[in-house]
Amino acid sequence: MPRTEPAEIVAYGVTADERPLLEAAFEATFGGGHRVRCLELVLDRDTVSTAAGHEVICTGVNDVLDAEVLRRLAEGGTRMITQRSTGYNNIDLDAARGLGLGVARVSGYSPHSVAEFAWALALAVNRRVVRAATRTREFDFRLNGLLGRDFHGRTAGVLGTGRIGEAFARIAAGFGMRLLGHDIAPNPECERLGMEYVPLERIFAEADLVSLHLPLLPETHHVVDAAALARMRDDAILVNTSRGGLIDAQALVETLRSGRLDGVGLDVYEEEAGIFFFDHSLDVMTDDVLARLMTFRNVLVSSHQAYFTRDAVGEIVATTAADVADYLAGRTGENTLVAPAR
Ligand SMILES: NC(=O)c1ccc[n+]([C@@H]2O[C@H](COP(=O)([O-])OP(=O)(O)OC[C@H]3O[C@@H](n4cnc5c(N)ncnc54)[C@H](O)[C@@H]3O)[C@@H](O)[C@H]2O)c1
C-alpha cells in the first residue's frame, strides 16, 4: 500500500561532505515530503535507541547491524534499512530476514571514481609527488630522490577487469601502456584495448604496474601473497583500491623491508575496520603492520577514499533516496537484498 504521510528518515555515519548531497537527493526525490535527518553517529548497540520510532533508516559501511542491533531496531518500529554502499557485510541479512526487516543497497555507481584514484596513487608513487610537495613546503627545491619513470611503453597488469578494471585499463591505454589482464571472465572491451589475458604468474613477473580490481572472495583472498610478491619485478609499483584482504600485508612489509618494489599505493588495508574513516591522531597506533607500512617512504596510504567524488557520492545518495521511495511505495527493485515483511 503506497504511503503518503511525511516520514523522517534518520541517516547514520553521514560525513560533513556527504550531508548536503544526501539532503539534496531527498529534496529532489520527495520535494520536501519525506525528510532525512543526518547524524554523524555510528549505529551500533550503544546508539541503536536513537532509531526508535523511525520506520526507515539509512546506514553506511561503518554501522554495525548485527543480530542484536537488528532485533532492537525491529522492536523500536524500524521496517526498512537502506544502505548507502554497494557492500553490505556490516548487515546480518539472515537476522534481518528473520525479523521481517527489509534491506536495500546501492548496486552500482561510477567506476571512474575508483579507477581515476588508482591512477592518482600510481602517479603519485611513481613521481614521488607527496615527497616533492612536503619538501617544497620547507623551501627545499632539490630533485634528489624524486626520480620516477615514464609509464608510456611500460606494462600495466590489471587483476579483475570488470567495471573498475576496464576504466583503469582505458586510462592505461591512454598512457600508451602494454596491457596484461587476469579475470575469470575476459572483458571484450579490454581485449579491444589490446589487453592480453595471461596467467597471474605472468602478470606478476612482467608488469611494471600491478593494479588490483578483484572482489574479495575466498578465492581472491591474499592473491598477492609472499609468493606473488617474490615473483614481482624489484622495481614494480603495486596499487590496491579494491579490498585490503587481497594483499597479505605482513608479506608486503617483509618485501618492502628487503628493499624490493619501487612503491606501493594502498587505499584499502586488510585490518582497516575501526581505523579508516576515524581520527586516530591522538591515539596510540596498536596495529603494528599498518604502523610499519606507514614508515616506508615509498608507500602511500589513503583511507578508502577512491569512491569519494561528488559524482559517485551523488549517484549513491540519489539511489538511496530512490530505495526509500521504493519501500514507501511498496515496491521491491534490483537494489533489494531482503524484501520487508508487509
Ligand atoms: N576503494 C573504494 O572506494 C572502492 C569502491 C568501490 C569498489 N571497490 C572495490 O572494487 C572491486 C571491483 O569493483 P567492480 O565494480 O569493478 O566489480 P565488477 O564485478 O564489475 O568486476 C570484478 C571482476 O572480477 C572478476 N572476478 C571475480 N572473481 C574472480 C576470481 N576469483 N578470479 C579472477 N577474476 C574474478 C569478475 O569476473 C569481474 O570481471 C569491488 O569488488 C570492491 O572491492 C573499492
Side-chain angles (χ1 to χ4, degrees), residues 13 15 17-18 60-62 83-90 105-122 124 156-172 179-193 195-204 207 210-225 228 238-247 249 264-273 275-277 300-317 319-320 334-335:
T15 63
D17 288 326
E18 196 186 0
V61 286
N62 284 314
Q83 169 90 352
R84 300 189 307 282
S85 69
T86 314
Y88 48 86
N89 51 309
N90 57 320
R105 52 113 185 211
V106 177
S107 52
Y109 58 88
S110 163
H112 306 292
S113 56
V114 181
E116 290 177 15
F117 193 78
W119 271 106
L121 286 178
V158 187
L159 271 60
T161 58
R163 297 173 72 238
I164 297 171
E166 179 190 322
F168 181 90
R170 280 187 194 287
I171 301 170
L179 297 175
L180 298 180
H182 170 80
D183 197 296
I184 43 170
N187 177 338
E189 289 301 321
C190 289
E191 286 175 323
R192 263 192 280 281
L193 292 170
M195 181 177 280
E196 187 188 350
Y197 281 90
V198 297
L200 269 179
E201 295 69 30
R202 259 195 70 193
I203 295 197
F204 290 129
V210 174
S211 193
L212 309 182
H213 302 289
L214 292 164
L216 180 60
L217 303 167
E219 311 88 75
T220 59
H221 181 253
H222 285 187
V223 62
V224 180
D225 58 7
L238 173 65
V239 170
N240 188 8
T241 53
S242 195
R243 284 292 179 270
L246 296 176
I247 298 180
V264 180
L266 301 175
D267 187 49
V268 287
Y269 166 61
E270 54 181 338
E271 302 297 335
E272 71 183 49
I275 300 178
F276 284 13
F277 301 130
L300 274 189
V301 176
S302 52
S303 57
H304 209 135
Q305 71 173 80
Y307 77 100
F308 206 52
T309 64
R310 273 188 287 282
D311 310 271
V313 176
E315 279 182 66
I316 289 168
V317 295
T319 306
T320 302
E334 55 156 356
N335 291 329

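Only heavy atoms go into these numbers, but all of them, side chains included; no hydrogens, no water, no symmetry mates. One-based numbering, in listed order, for ligands and for the atoms of each. All values derive from a computational prediction rather than experimental measurement.
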#### Entry: side-chain contact (heavy atoms from CB on, under 4.5 Å) between Ile247 and Glu270, worked out
CA-CA 7 Å; Ile247 298 180; Glu270 54 181 338; over 6 Å; no

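Between Ser242 and ligand 1 there is a heavy-atom distance shorter than 4.0 Å. Contact between Ile184 and ligand 1 is present, with at least one heavy atom of the residue lying under 4.0 Å from the ligand. Ligand 1 lies less than 4.0 angstrom from a heavy atom belonging to His182.
Here Arg163 has heavy atoms under 4.0 Å from ligand 1 in both its backbone and its side chain. Residue contacts with ligand 1, taken as heavy atom pairs separated by less than 4.0 Å, involve Ile164 via backbone and side-chain atoms alike. Only side-chain heavy atoms of Leu217 come within less than 4.0 Å of ligand 1; its backbone N, CA, C and O stay farther off. Of the heavy atoms in Asp183, both backbone and side-chain atoms come closer than 4.0 Å to ligand 1. By the criterion of a heavy-atom distance under 4.0 Å, neither the backbone nor the side chain of Phe168 is placed next to ligand 1.
The main-chain N or O of Gly13 is found under 3.5 Å from a side-chain atom of Arg84 such that the two form a donor-acceptor pair.
Residues Thr241 and Leu121 meet the side-chain proximity criterion, which asks for heavy atoms closer than 4.5 Å. Phe117 has its side chain within reach of Asp267: a pair of non-hydrogen atoms, C-beta onward, lies under 4.5 Å apart. Inter-residue side-chain proximity for Asn187 and Tyr197 is flagged as met; some heavy-atom pair is nearer than 4.5 Å. The side-chain heavy atoms of Phe168 and Val239, taken from C-beta on, include no pair separated by under 4.5 Å. Counting heavy atoms from C-beta outward, Phe277 and Val61 have side chains that approach closer than 4.5 Å. Thr161 is listed as a side-chain neighbour of Met195, based on a closest heavy-atom distance under 4.5 Å. Between Val106 and Gln83 the shortest side-chain heavy-atom distance does not fall below 4.5 Å.
Looking only at heavy atoms of the protein, atom 22 (C) of ligand 1 is closest to Pro215 CD, 3.8 Å. Among all protein heavy atoms, the one lying closest to atom 12 (C) of ligand 1 is His213 O, 3.4 Å.
In the vicinity of Asp267, heavy-atom distances shorter than 4.0 Å reach the ligand 1 atoms 1 (N). Less than 4.0 angstrom separates some heavy atom of Tyr109 from each of these atoms of ligand 1: 5 (C), 6 (C). The Ala306 neighbourhood of ligand 1 comprises atoms 1 (N), 2 (C), 3 (O), with distances under 4.0 Å to a heavy atom of that residue. Per-residue contacts place Thr220 under 4.0 angstrom from the following atoms of ligand 1 (heavy atoms of the residue considered): 30 (C), 31 (N). Shown in contact with Val114 at under 4.0 Å from a heavy atom are these atoms of ligand 1, numbered in order with element: 4 (C), 5 (C), 6 (C).
Note that atom 17 (O) of ligand 1 has no protein non-hydrogen atoms nearby, at separations under 4.0 angstrom. The nearest protein heavy atom to atom 3 (O) of ligand 1 is closer than 4.0 Å.
More than 12 heavy atoms of other residues, nucleotides or ligands shown are found within 6.0 angstrom of CZ on Phe276.
We find the CG-OG distance between Leu266 and Ser302 to be 8.0 Å, quoted to the nearest 0.5 Å. Between atom CD of residue Glu191 and atom CD of residue Glu196 there is a gap of 10.5 Å, rounded to the nearest 0.5 Å. Here the CG-CG distance, from Leu246 to Asp225, works out to 11.5 Å after rounding to the nearest 0.5 Å.
For atom 21 (O) of ligand 1, the nearest non-hydrogen atom from the set Gly160, Ser302, Gly162 comes from Gly162. Comparing heavy-atom distances from atom 42 (C) of ligand 1 across Glu166, His221, Arg243 singles out Arg243 as nearest.
Between Thr241 and ligand 1, a contact under 3.5 Å exists for at least one N or O pair. Of the N or O atoms in Gln305, none lie within a sub-3.5 Å distance of an N or O in ligand 1.
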